[in-house]
Amino acid sequence: MNPQSSATPSPSTGWKSLLKKAWPTIRILLSIALLWKATSGINWDALIHSEIQMQPLWFAAAGGAILLAFICGGLRWGMLMRQVGFRASLKDYVALYFAGGLINQGLPSTLGGDSYRAITASHLDGQGHFTEQKVLDEELHHAVDLEHAKPKLRLSFSMVFVDRLLGLAGNNLLGALGLIVGGATLASWGTSLGYALMAVMIFSGLFIAFILAWTPARNLLQKFLMKLNLGDALPGIRFAFSWPINVGQAAVAMSIHFFTILALGFCLKAYGAEAPLEGLMIGLPALSLLLMLPISISGWGLREATLSSVLTLWAVNPSVTVLASISYGALTVLCVLPGAFILLKRKSSL
């Protein structure tokens with residue numbers, strides 16, 4: 001075998017590396033294209049002369065709802081982290097949650113907001129100071145190999161993952177309720193889909209709770225976590241999914257997503273439009289699932305295109321929906337700006 005051939009990178013590796021570097025730019029271009037598509041159908045002249053009665057106070061209400069969603073999300077994640085031995089204050093975890101949200105809004109970074117808060121939280125002490133700052137800076141600027149990462153870092157990532165699972169559960173439960181109430185407007189099978197989704201979510205929650213309650217199954221799960229070098233993660237998993245606390249966790253997760261639904265509804269009201277609650281409960285959860293695909297920057301463009309299509313079923317003017325969605329996105333950026341404090345704090349401590 002020619003030794004030189006083994007040292008030569010394969011063409012597929014080169015394409016993967018090129019695509020990885022170009023993907024952030026591709027996402028920006030896709031967001032611009034989707035946003036242009038959503039706004040291109042707006043008759044601006046007709047909209048200007050339609051005498052829309054703007055009500056700015058609804059924007060303030062929307063901003064308050066978005067802030068509540070981020071604060072509640074940060075508190076939930078902070079309690080998960082404290083369950084597994086991390087000792088920073090809940091206030092520090094909320095600040096990191098805002099910082100991660102700010103990064104997710106499209107800051108020029110190769111690091112996602114979830115990765116940022118997982119890495120940074122693993123270096124926070126009980127006084128809110130960063131430890132091993134050189135190691136922290138290196139982890140933030142280089143790809144993290146979780147397979148060979150330190151147990152503390154793996155544990156932090158696992159709690160971010162559990163936090164995301166809770167968020168997904170709340171999103172799906174709220175979407176199922178929306179389909180049950182208003183699915184018939186969407187399609188003849190919409191209501192049935194809502195009941196089916198609700199049944200799947202309830203069964204999944206009860207099944208996980210059973211595993212955590214039954215000692216042999218729980219011990220097997222602990223052995224599996226030990227193999228992953230995540231032996232300390234079980235208290236956090238139990239705090240999230242064991243009975244009866246999983247009922248409270250589901251209520252909190254649904255409330256967080258409900259705050260975002262209220263925020264969009266308030267933005268629509270600011271432009272004098274009304275959207276039925278069930279329509280928003282179908283549109284936003286469906287959008288959240290679409291946003292799991294990394295095809296746009298923080299949902300820009302995809303959000304406007306999706307919501308304007310869905311809410312037309314409830315006779316909401318698509319042009320007003322696009323304006324409300326853009327306002328919702330802008331308010332989200334403004335609400336996570338406090339996260340810049342934690343980013344600047346870390347920079348100043350280096």
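Residue numbers start at 1 and run along the sequence shown.
Side chain of R87 to backbone of R82: a donor-acceptor contact under 3.5 angstrom is found. No donor-acceptor pair closer than 3.5 Å links the side chain of S156 to the backbone N or O of I119. A donor-acceptor pair under 3.5 Å is absent between the side-chain atoms of S325 and the main chain of T321, judged by distance alone. Not one N or O on the side chain of Q55 forms a donor-acceptor pair closer than 3.5 Å with the backbone of G272. For the pair Q249 (side chain) and S242 (backbone), a donor-acceptor distance under 3.5 Å is absent.
Contact of the L96 side chain with the Y116 side chain is registered, since non-hydrogen atoms from C-beta on lie closer than 4.5 Å. Between I256 and R76, some side-chain heavy-atom pair lies under the 4.5 Å cut-off. When side chains are defined from C-beta on, L228 counts as touching R154, because their heavy atoms get closer than 4.5 Å. Side-chain atoms of I103 and R117, non-hydrogen and from C-beta on, never get closer than 4.5 Å to each other. By the 4.5 Å heavy-atom criterion applied to side chains, M198 and L179 are not counted as neighbours. Looking only at side-chain heavy atoms (C-beta outward), I282 and W314 come within less than 4.5 Å of each other. Contact check for F241 versus L165: side-chain heavy atoms found under the 4.5 Å cut-off. With a 4.5 Å cut-off on side-chain heavy atoms, V84 and I237 do not count as touching.
To the nearest 0.5 angstrom, F70 atom CZ is 7.5 Å from I66 atom CD1. Rounded to the nearest 0.5 angstrom, T260 OG1 and F258 CZ are separated by 9.5 Å. Rounding to the nearest 0.5 Å gives a distance of 13.0 Å between CH2 of W214 and CG of L221. Taking CE of M254 as the reference point, atom CG of L166 lies at 13.0 Å (rounded to 0.5 Å). Expressed to the nearest 0.5 Å, how far NE2 of H257 lies from CG of L280 amounts to 14.5 Å. Interatomic distance, E274 CD to K269 NZ, rounded to the nearest 0.5 Å: 3.5 Å.
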Next item on the list: Could you walk me through whether L337 and L334 pass side-chain contact (heavy atoms from CB on, under 4.5 Å), step by step?
Entry: CA-CA 5 Å; L337 278 180; L334 288 175; 4.0 Å; yes

Next item on the list: Go through the steps to decide whether F86 and L155 satisfy the test side-chain contact (heavy atoms from CB on, under 4.5 Å), and finish with yes or no.
Entry: CA-CA 10 Å; F86 292 96; L155 187 61; 3.9 Å; yes

Check: Can M201 and L197 be said to form a side-chain contact (heavy atoms from CB on, under 4.5 Å), step by step?
Finding: CA-CA 6 Å; M201 295 305 300; L197 180 57; 4.3 Å; yes

Next item on the list: Check the pair I180, Y195 against side-chain contact (heavy atoms from CB on, under 4.5 Å), reporting the backbone distance first and the verdict last.
Entry: CA-CA 6 Å; I180 290 171; Y195 281 115; 3.7 Å; yes

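In the hydrophobic clustering of this structure, L174 does not group with V252; members are Ile, Leu, Val, Met, Phe, Trp, Tyr whose side-chain heavy atoms approach within less than 4.5 Å, directly or through other members. L220 and L234 fall into different hydrophobic clusters, defined by Ile, Leu, Val, Met, Phe, Trp and Tyr side-chain heavy atoms under 4.5 Å apart, directly or through other members. A continuous path of Ile, Leu, Val, Met, Phe, Trp and Tyr side chains, each step under 4.5 Å between heavy atoms, connects L177 with I202, placing both in one hydrophobic cluster. M226 is not connected to V162 by any chain of hydrophobic side-chain contacts under 4.5 Å among Ile, Leu, Val, Met, Phe, Trp and Tyr, and they are in different clusters. The cluster map of Ile, Leu, Val, Met, Phe, Trp and Tyr, joined by side-chain heavy atoms under 4.5 Å apart, puts V181 and L313 in different clusters.
Taking every heavy atom of both residues into account, L102 and G339 meet most closely at CD2-C, 4.0 Å. Across P151 and N229, no two heavy atoms sit closer than the pair CG-ND2, 3.5 Å. For the pair G63 and L331, the tightest heavy-atom approach, listed with the atom from each and the gap, is N-CD1, 4.3 Å. Between Q83 and P235, the shortest heavy-atom distance links the atoms O-CB, 3.5 Å. Looking at every heavy atom in both residues, L153 comes nearest to S122 through CD1-OG, 3.7 Å. The minimum heavy-atom distance between L173 and A250, with the atom names listed, is CD1-CB, 4.0 Å.
Geometrically, R303 engages W300 in a cation-pi contact, judged by NZ or CZ lying under 6.0 Å from the ring centre and within 45° of the ring axis.
Between W77 and Y93, the ring-plane angle classifies as perpendicular under the 30° and 60° cut-offs.
In summary, the aromatic rings of Y271 and F59 are positioned with their centroids under 6.0 Å apart.
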